[in-house]
Amino acid sequence: MKKLRAFFCAVVILGLLQALLVPKYTGNVREGNLIREYYDNAGGNDVIFIGDCEVYENFSPITLWQEYGIPSYIRGSPQQTVWQSYYLLEETLRYETPKVVVFNVFALKYDTVESTGDQSRREAYNRITLDGMRWSGSKWGAIQASLTQEERQWGGALTYVFPILRYHDRWSELTWKDVRYLFKRETVSDCGYLMQTGVEPMTDPFPSPPLTKRTLGDNSWRYLDKMVQLCRDKGVQLVLVKSPGLYPAWWPEWDQQVADYARERELLYINMIPAQEEIGIDWSTDTYDAGLHLNVSGAEKAASWFGRILRDQCGLPDRRSDPQVCARWEEKTARYEARKGLLLEQGDS
Amino acid sequence: MMKKRLCMILACLILGLTACGQEEQTVSGGDPVFSAGGVEIVIHADAAPILEALGEPTSYSETPSCAGEGMDKTYGYGSFYLLTGLGEDGEVVSRLWLADDTVATPEGIRIGSDEEQVEAAYPDAACCEDGSCSTYWIDGATASLAVVLEDGKVTAIEYSAAGQTSCD
Amino acid sequence: MDTLLKILWELHPDINFTEDTRLLEEGGLDSFDIVTLVSEIEDAFGAVIRAQDLIPENFQTPKTLLALIRRLRED
Amino acid sequence: MILQSPWFILFAAGLLVVYYLVPGKHQWKVLLAGSVCAYFQVEGARVGFLLTTFLTTLVCGRKIEQARERGERAGGWLAACLGLNLALLLGCKGSLLLPLGISYYTLQALGYVIDVYRGTEKAEKDPGKLALFLCYFPQLIQGPVSRASQLRAPLTEPHAYDGKQVSFGLQRMLWGYFKKLVIADRVAPAVEILTRDQAGGGSFALLAVLYALRIYGDFTGGIDIVLGLSQAFGIGLPENFRQPFFSGSVAEYWRRWHMSLGAWMREYVFFPVSVSKPVRRLGKAARRRLGAFGKRLPVYIATILTWLATGLWHGLTLNFLLWGMLNCLLILIGEELAPLFRGLKGKRWYTGCSILGTWLIMDLIRVCDLFPDPRDYFRGLKSLLTGPWGQIPDLGLSSLDWGILALGCVVMTGVSLVQSRWGSVRELLWKRETLRFWILFALLLAVLLLGCYGVGYEASNFIYNQF
């Protein structure tokens, strides 16, 4: 009995330590909380966005609600790869069945784990996307598909089961925030949208590396196929989108391949880059990082433009007549406006 | 008796040697090198000494990546661009591409060279046919060099980390 | 036995060897001493000790060592 | 598979469970299956090396025994087996491609064949049992080099579950991980920096001390893991260390450090050479001419050859040869000078001085490992006399790291002192259950939190540092 109690104590201490050591993403990389915030908002969404920073920074779901009465959520995370998108979609479809899933195609250019960049950065992005997922077969699959070579060597999936194995040496960097957010994190997003209020106008275009690989890779296509299949099985319409942005380059060669793919499978594919003028994006005011991503004013314009397509071409209904849904979204809208006010105020001072 | 013994020893030796031989492939393969301003530049190299040797760049920009700030830095030197990222020990070279035909690879290939010249300069290169173009990949252990040809002429030359290179 | 004890005593004058001294522990015999001992024994007894005889069991005490020497001389 | 990989621990744990679930007579098969799997997983196509050694050992062992039984000569088989395996070992060492455990299993295989030739071991009839003897996975990674007489029986005998043994084994593993991950791997980058940027006497001296710490932690820690795991399997492997840093002479150090290799070398190189006919004859001749010194000639020749072999076993480069010869020289000098100090034996200050002196000398010799070009090593030694002493490069260790290292050293020294005075620490703690539990838990936490392991560990500029 005494032994059992001591053992129990030890396990509790280890658990607390692990919770303490895991990064809380409260600094300038708030993205680490995006994936985990979904579970409180699961259900009742007509649209789910899936993809990388080009979705969670470039579309504002609140605008979609305000202008079209479309309830939506963004399951985006930084440098999300196609295989991660697939497993996130699989997981999401277990929580709810939206009418439309919007997938941002930019990540198709990354064909393998190695091609996404150097190991340590890849590993950090893996953590940001995967650590936030709740345990399920989808998480396991996502982990297996995402592990870098170095991660495999050091215990791989095991370090996702016991994150303390990964963050064990963070004790020297702990701050009071690690205690404050030990059990409950701060909510950083609005329905998966990570608000940026800064303005850094685009000046010179970024020099772009040449196109060395004209065809998007087999592995990417394979996972996109799986997403298409998944949506078919669940009766969900899959829409492919390339969100606005000037850099990194979305080559016409790639665009053509996606367009062909979409035509063959009767999918809607919207490349928003040529429509930037129509959308009204002004690269001197609507970007916070000189043309890579949109700030809140740009994201609202993009959502406003895209919402019309969702309404007209996908036939999504206006839910503003449903008082229950309305109440929920009014709350969200209020939080969004409050956040916007606060951030703009901080930015001004 | 003696014969049998000899056979056995021979068999074992061959077994051992085949095992030996298989390993050596992975050991070989130096990464492709670009040289400019008196320095040799390879992908994954520490950027600081290279940037110092190359002097003031003619253009410079920082491109944030998805999360985290100012991670990629692009240095332009007129005839070529150098992209650096954050490696394990600080800033490292992650990409390099040629911008015009005033510079060439150490093997003598520049933008505008023709296919024969490329094949002569890189006899071991893997050629990936890609629609109307072809890309010659020169793979090292951790980096590779891509030479892109369009209508038989080189249109782009880029050094990058390995892994992005295998033909589809 | 006396010859053997004398050889041992010459190796380690500070130790008082008897026929039951535990050579390796009390006598402090190390591998150098053992090799020297082997050549001394060969000279004194004409017994050729082989490498495989150099095991702790044979070198426990002067008694066991003498037994080894006798065995080797019989062969 | 490396010892500190979580997969190794998981694998070992799984194997342990299966091991005690199957009937005793099949236990060894579990070990064999596990070992073969582990070896395949690590080496893939290179299993050819181990297979070659295994086949030659199996066939030659049997042939030698048959020849012995018929009263025929078996020297040819022995020579063929020794020659081929040594050639394989040297070839691999020379080309710097080292299949897992080749240094260890080759010595074990050779020892076994020689023992069979001498008639002290029976040839193994069951190929499986011989395979297990060669590829028993815990010791493939870091040794020890076991003798056939020590390992064959325990490996294949049935072992009933003994809670105390299993617990002791796991405790020892934990202790090994502490030494390896918290101490050795923490100093490793600093050792690398000091080797690369030699900045004079001060940094060379620091390098010697830190390298000693690293190699001590890494090697004794690794052996603790191997022996601990074996103990959990109920298999008692011979000890490999006996508080080596408490040695009073170089010769004694080598009787307490890497004991299994020392024993192997003594058994199969030193003794056979020193009692071999030519050497004996030479000794006799020398004695007639040179007197007392000549008497020691066989010992000298054997010692030099043994150290030559030991040096080459560590690596086929000049620095290991030099390292072997330095050890040899110091041992012989120590042997010659020993009678002078006989009177001082037992005096406290003398013991203290000789322990400290031996430790310093061994540290300085060991550094030889790090410099493939012996000239660099000698330059370092010279700088010990000429300086400068103050210039020490930035080692990348924070004051916290130094604190952990210092504390770790105190704990390791304390444990060694207790061991040499009162014996097994685990035995001492066995009866005090609560105390033991919390000490082990603290040790586990230390390994888990302070250990240098895992992905991105060395990445000082890792993205998480920005948060």
Asks: Do NZ/NE/NH1/NH2 and the carboxylate oxygens of Asp111(A) and Lys213(A) come within less than 4.0 Å?
Replies: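 Salt bridge between Asp111(A) and Lys213(A), a charged N being under 4.0 Å from a carboxylate O: no.
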
Asks: In sequence, state the C-alpha distance, the side-chain angles, and the governing distance for Lys242(A) and Asp255(A), and then conclude on salt bridge (charged side-chain N to carboxylate O under 4.0 Å, His left out).
Replies: CA-CA 9 Å; Lys242(A) 170 66 189 77; Asp255(A) 183 58; over 6 Å; no

Asks: With ring centroids as reference points, do Tyr122(B) and Tyr136(B) lie under 6.0 angstrom apart?
Replies: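 Tyr122(B) vs Tyr136(B): aromatic centres not under 6.0 Å.
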
Asks: Out of Pro209(A), Gly32(A), Pro210(A), Ala290(A), return the one with the most heavy atom pairs under 4.5 angstrom to chain B.
Replies: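 Option with the greatest count: Pro209(A).
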
Asks: Just by distance, no angles: are the side chains of Thr148(A) and Glu123(A) close enough, under 3.5 Å, to form a donor-acceptor pair?
Replies: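 Note: Thr148(A) and Glu123(A) side chains miss the donor-acceptor criterion.
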
Asks: So which part of Thr74(B) gets closer than 4.5 Å to some heavy atom of chain A, the side chain, the backbone, both or neither?
Replies: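 The side chain, not the backbone.
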
Asks: Below 4.5 Å from any heavy atom of chain B, which atoms of Leu194(A) appear? Answer side chain, backbone, both or neither.
Replies: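 Neither part.
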
Asks: Let me know if Ser208(A) has heavy atoms under 4.5 Å from chain B in its side chain, its backbone, both or neither.
Replies: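 It is the backbone, since no side chain atom gets that close.
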
